[in-house]
Amino acid sequence: MSTPEKATPSHFIRQIIQKDLSEGKNSGQVATRFPPEPNGYLHIGHAKSICLNFGLATEFDGTCNLRFDDTNPEKESEEYINAIKADVEWLGFEWNDDIRYASNYFSKIHEYAVQLIEQGQAYVESLSVDEIREYRGTLTEPGKDSPYRNRSVEENIDLFQRMKAGEFDEGTLVLRAKIDMSSGNINMRDPVIYRIRKVEHHQTGNEWCIYPMYDFTHCISDAIEGITHSVCTLEFEAHRPLYDWVLDSLGTPSHPQQIEFARLNLNYTITSKRKLKQLVDEGVVSGWDDPRMPTVAGLRRRGYSPGSIRNFCEMIGVTKSDGVVDMGMLEFSIRDDLDKSAPRAMCVLRPLKVVIENMEEGAKETLSMSAHPKDESMGSREIHFTREIYIDRDDFAEVPPPKYKRLIEGGEVRLRGCYVIKCQEIIKDADGNIIELRCTRDIDTLGKKPEGRKVKGVVHWVSAETCVDAEIRMYDRLFTAENPDSNKDGRTLLDVINPESLTVFHNCKAESGLVGAVVGKPYQFEREGYFVLDSDAHKSKNLVFNRTVTLRDSWTKIAPK
RNA sequence: UGGGCCGUCGCCAAGCGGUAAGGCACCUGGUUUUGAUCCAGACAUGCGCAGGUUCGAAUCCUGCCGGCCCAGCCA
């Protein structure tokens with residue numbers, strides 16, 4: 001089963017599971033879960049967690065549940081639930097049985113709360129929010145007991161029952177676990193486990209007006225589902241003692257093991273649902289699926305493949321050390337995938353007309369080009385060569401910089417998949433702008449090298465007669481700062497938005513075969529990058545492509561400015 | 001200054017007492033009708049620092065230093 005030479009080193013969570021399995025824990029079962037709160041769209045950081053949890057389940061022949069952690073109804077919605085489901089499926093994962101909701105367990109969780117009260121381990125608090133905070137103490141000073149901490153079990157049961165019945169206003173009472181107000185771990189200083197919220201819940205409607213808090217809900221939900229390994233991010237590490245306290249106190253039939261790993265940080269972007277939502281709400285981007293967003297929906301629209309994201313998540317590893325992954329790794333991953341999978345096509349972004357003088361007016365040659373230079377199974381396509389064609393303005397220079405190997409006056413260049421042409425004359429308008437090139441073709445260079453000379457440059461081109469118009473959206477990083485999140489110098493997120501994160505090219509000329517482009521199917525536009533038809537392209541008469549990522553480019557690095 | 005966690009190449013990351021994997025980036029060559037891909041090579045005498053244990057330490061011990069998380073009726 002294992003490949004000795006190339007075995008990818010195991011990360012620490014895999015090692016824990018392997019050890020558990022070898023010791024016969026959990027009856028040899030592995031059950032994980034991915035537990036998003038439906039209060040926003042999933043982002044690349046969630047993708048890491050999804051790949052980890054579902055991947056572990058697959059690897060160890062176990063199961064992974066998709067469970068919505070929906071205990072805070074005022075921030076959650078059905079829209080987010082649907083988006084999250086779609087994203088998980090698109091990434092290529094299948095959840096075990098039906099989707100779960102923490103809200104499915106509200107009755108059971110409530111019973112457990114009553115049990116805790118009966119055991120004298122929970123009490124109804126009458127202190128105000130501010131008072132609770134004061135009593136909690138600080139990082140360095142212990143807290144002090146609430147005057148209500150020793151209410152009788154009977155009184156607590158009565159009060160909690162009346163909270164549930166809606167007799168009290170929001171904010172007046174809460175249920176607290178009775179643990180230790182002097183604990184060095186602030187999470188153990190009698191944490192609130194139930195609060196009153198008189199709002200409708202997207203799943204349970206108006207059935208409840210009290211809702212359990214995360215710390216009380218999550219561990220119980222895990223236990224109910226028989227989760228064996230409850231994998232979460234580092235910020236929950238200090239909550240683990242509480243997770244264990246709740247389950248131990250309740251004596252739940254199963255007691256999952258919480259394991260924390262470092263969440264993903266990517267430079268030049270943010271992975272915070274709250275801040276992503278801010279960009280959407282303030283109109284900085286067009287929506288959660290704006291191709292500049294690091295959301296799964298945004299990446300999908302941008303042209304990223306599920307496989308490239310999965311591969312990226314494999315590449316970055318799983319550890320407990322906080323790091324910042326270079327965006328270049330994500331870009332490598334998508335280029336690596338698309339180089340193999342994307343058929344090639346030609347599209348001229350900044351058209352410059354070229355007239356082939358030694359070709360007859362109205363003549364049209366049909367040429368066949370392979371869809372992929374190395375993969376013949378991808379077949380071929382037809383392109384047309386006509387007297388008038390377009391090349392990119394950047395592929396001609398009146399005054400060429402050193403090392404330039406594209407077209408210059410009196411020079412030759414290879415038209416990709418076509419003839420070698422020579423530039424005979426530059427035509428300019430009254431203002432001195434180059435508007436046309438007059439060239440001649442060498443008829444003896446189709447599919448063969450020219451005689452007695454070397455032609456170094458190859459440029460892409462398109463027939464002016466048969467090409468189709470296209471709009472191309474060129475995306476760049478959304479932020480100019482490596483760490484947009486850091487508020488140093490009073491700088492905010494909005495201060496570091498990249499003004500050039502979206503540049504639209506309106507007059508692009510694409511080879512005719514591209515009219516058949518469909519949403520989600522990637523292309524490599526030769527010498528430019530990878531592109532995909534935008535999902536709202538149908539709103540436009542022309543083709544609309546998003547640039548997923550550029551090709552690796554060693555020219556702009558050495559090109560003089 | 002309380003509690004928890006983390007420091008191995010520019011970035012990610014193996015390593016689990018026997019003498020520093022791999023990937024990304026960068027650099028050098030080669031192939032190439034994409035300045036792409038591909039191929040070959042180069043890239044930490046060193047593992048936050050300082051001591052100690054040991055024949056032997058990135059791995060064990062001690063002490064420092066640096067970073068992250070926790071004081072929501074958010075998750």
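Numbers restart at 1 for each chain; the letters A, B, ... are given by sequence-line order, proteins then strands. For clarity, every value in this text was computed on a predicted model and none was experimentally measured.
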Counting any heavy atom closer than 4.0 Å, what does [X] reach on the DNA or RNA strands: base, sugar-phosphate only, or nothing?
{"X": "Val318(A)", "result": "sugar-phosphate"}
{"X": "Val459(A)", "result": "nothing"}
{"X": "Thr319(A)", "result": "sugar-phosphate"}
{"X": "Gly529(A)", "result": "nothing"}
{"X": "Gly323(A)", "result": "sugar-phosphate"}

How far does the [atom1] atom of [N] sit from the matching atom of [M], given to the nearest Å?
{"N": "C61(B)", "M": "C26(B)", "atom1": "P", "result": "40 Å"}
{"N": "U32(B)", "M": "A44(B)", "atom1": "P", "result": "32 Å"}
{"N": "C73(B)", "M": "C9(B)", "atom1": "C1'", "result": "48 Å"}
{"N": "A58(B)", "M": "C49(B)", "atom1": "C1'", "result": "14 Å"}
{"N": "U62(B)", "M": "G22(B)", "atom1": "P", "result": "33 Å"}
{"N": "G15(B)", "M": "A21(B)", "atom1": "C1'", "result": "8 Å"}
{"N": "U19(B)", "M": "C27(B)", "atom1": "P", "result": "34 Å"}
{"N": "A25(B)", "M": "C60(B)", "atom1": "C1'", "result": "35 Å"}

Under 4.0 Å between a side-chain N/O of Gln15(A) and OP1 or OP2 of G15(B), yes or no?
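Indeed, a polar side-chain atom of Gln15(A) lies that close.
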Paired nucleotide for [N] [Watson-Crick or G-U wobble; both distances under 3.5 Å]:
{"N": "U1(B)", "answer": "none"}
{"N": "C43(B)", "answer": "none"}
{"N": "G66(B)", "answer": "C6(B)"}
{"N": "C38(B)", "answer": "G30(B)"}
{"N": "G51(B)", "answer": "C61(B)"}

Note: [X]-[Y] ion pair, threshold 4.0 Å (strictly below):
{"X": "Lys422(A)", "Y": "Asp442(A)", "result": "no"}
{"X": "Arg350(A)", "Y": "Asp394(A)", "result": "yes"}
{"X": "Glu331(A)", "Y": "Arg552(A)", "result": "no"}
{"X": "Arg310(A)", "Y": "Glu314(A)", "result": "no"}

For G30(B), measure the glycosidic angle (O4'-C1'-N9-C4 for a purine, O4'-C1'-N1-C2 for a pyrimidine) and name it syn if it falls within 90° of 0, otherwise anti.
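Base orientation: anti.
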Under-3.5 Å N/O pairs linking protein and nucleotides 35-39 of chain B:
residue: G35(B); atom: OP1; partner: Arg527(A); partner atom: NH1; Å: 2.7
residue: G35(B); atom: O3'; partner: Ser554(A); partner atom: OG; Å: 3.1
residue: G35(B); atom: O2'; partner: Ser554(A); partner atom: OG; Å: 3.4
residue: G35(B); atom: O2'; partner: Trp555(A); partner atom: N; Å: 3.4
residue: G35(B); atom: N7; partner: Arg406(A); partner atom: NH1; Å: 2.8
residue: G35(B); atom: O6; partner: Lys405(A); partner atom: N; Å: 3.2
residue: G35(B); atom: N1; partner: Lys403(A); partner atom: O; Å: 3.0
residue: G35(B); atom: N2; partner: Lys403(A); partner atom: O; Å: 3.3
residue: A36(B); atom: OP1; partner: Ser554(A); partner atom: OG; Å: 2.9
residue: U37(B); atom: OP1; partner: Arg552(A); partner atom: NH1; Å: 3.3
residue: U37(B); atom: OP2; partner: Arg552(A); partner atom: NH1; Å: 2.8
residue: U37(B); atom: O2'; partner: Asp339(A); partner atom: OD2; Å: 2.8
residue: U37(B); atom: O2'; partner: Lys374(A); partner atom: NZ; Å: 3.1
residue: U37(B); atom: O2; partner: Lys374(A); partner atom: NZ; Å: 2.9
residue: C38(B); atom: O4'; partner: Lys374(A); partner atom: NZ; Å: 3.1

Separation of [X] atom [atom1] from [N] atom [atom2], in whole Å?
{"X": "Ile421(A)", "N": "U33(B)", "atom1": "CD1", "atom2": "C1'", "result": "13 Å"}
{"X": "Phe12(A)", "N": "C5(B)", "atom1": "CZ", "atom2": "P", "result": "13 Å"}
{"X": "His372(A)", "N": "U32(B)", "atom1": "NE2", "atom2": "C1'", "result": "13 Å"}
{"X": "Asp326(A)", "N": "A13(B)", "atom1": "CG", "atom2": "C1'", "result": "14 Å"}
{"X": "Arg310(A)", "N": "G23(B)", "atom1": "CZ", "atom2": "C1'", "result": "19 Å"}
{"X": "Phe261(A)", "N": "C12(B)", "atom1": "CZ", "atom2": "P", "result": "16 Å"}
{"X": "Ile316(A)", "N": "G23(B)", "atom1": "CD1", "atom2": "P", "result": "17 Å"}
{"X": "Lys454(A)", "N": "U31(B)", "atom1": "NZ", "atom2": "C1'", "result": "13 Å"}

Below 4.5 Å, heavy atoms only, C-beta onward: do Gln18(A) and Ser10(A) meet side chain to side chain?
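Side chain of Gln18(A) against side chain of Ser10(A), heavy atoms only: contact under 4.5 Å found.
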With sequence neighbours left out, what residues match Ser486(A) under side chain to side chain contact (heavy atoms under 4.5 Å, CB included)?
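Per chain and number, Ser486(A) pairs via side chain to side chain contact (heavy atoms under 4.5 Å, CB included) with Asn483(A), Lys488(A), Arg491(A).
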Check side chain to side chain donor-acceptor pair (under 3.5 Å) between [X] and all other residues, then give those that pass, not counting sequence neighbours.
{"X": "Arg406(A)", "value": "Asp395(A)"}
{"X": "Glu37(A)", "value": "Asn39(A)"}
{"X": "Tyr105(A)", "value": "Glu225(A)"}
{"X": "Thr172(A)", "value": "none"}

Taking protein heavy atoms under 4.0 Å as touching, what does nucleotides 68-75 of chain B look like 5' to 3' if B marks base contact, S marks sugar-phosphate-only contact and - marks none?
SSBBSBSB
Tell me which of Glu141(A) and Lys320(A) sits closer to the 5' end of RNA chain B, going by the nucleotide each one is nearest to.
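Whichever sits nearer the 5' end wins; that is Glu141(A).
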Residue mapping more 5' on RNA chain B - nearest nucleotide basis, Arg416(A) or Met315(A):
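Going by which nucleotide is closer to the 5' end, it is Met315(A).
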For residues 185-194 of chain A, which residue pairs pass the salt bridge (charged side-chain N to carboxylate O under 4.0 Å, His left out) check, not counting sequence neighbours?
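Found Arg149(A)-Asp190(A).
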Heavy atoms from C-beta onward define the side chain here; which of U34(B), A14(B), C16(B) lies closest to that of Glu526(A)?
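The listed nucleotide nearest to Glu526(A)'s side chain is U34(B).
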Which one, U33(B), C24(B), C6(B), comes nearest to the side chain of Ser321(A)?
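Taking heavy atoms from C-beta onward, the closest nucleotide is C6(B).
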Please name all residues satisfying ring-ring contact (aromatic ring centres under 6.0 Å, His included) with Tyr214(A), sequence neighbours left out, ordered by chain then number.
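Per chain and number, Tyr214(A) pairs via ring-ring contact (aromatic ring centres under 6.0 Å, His included) with His218(A), Phe236(A).
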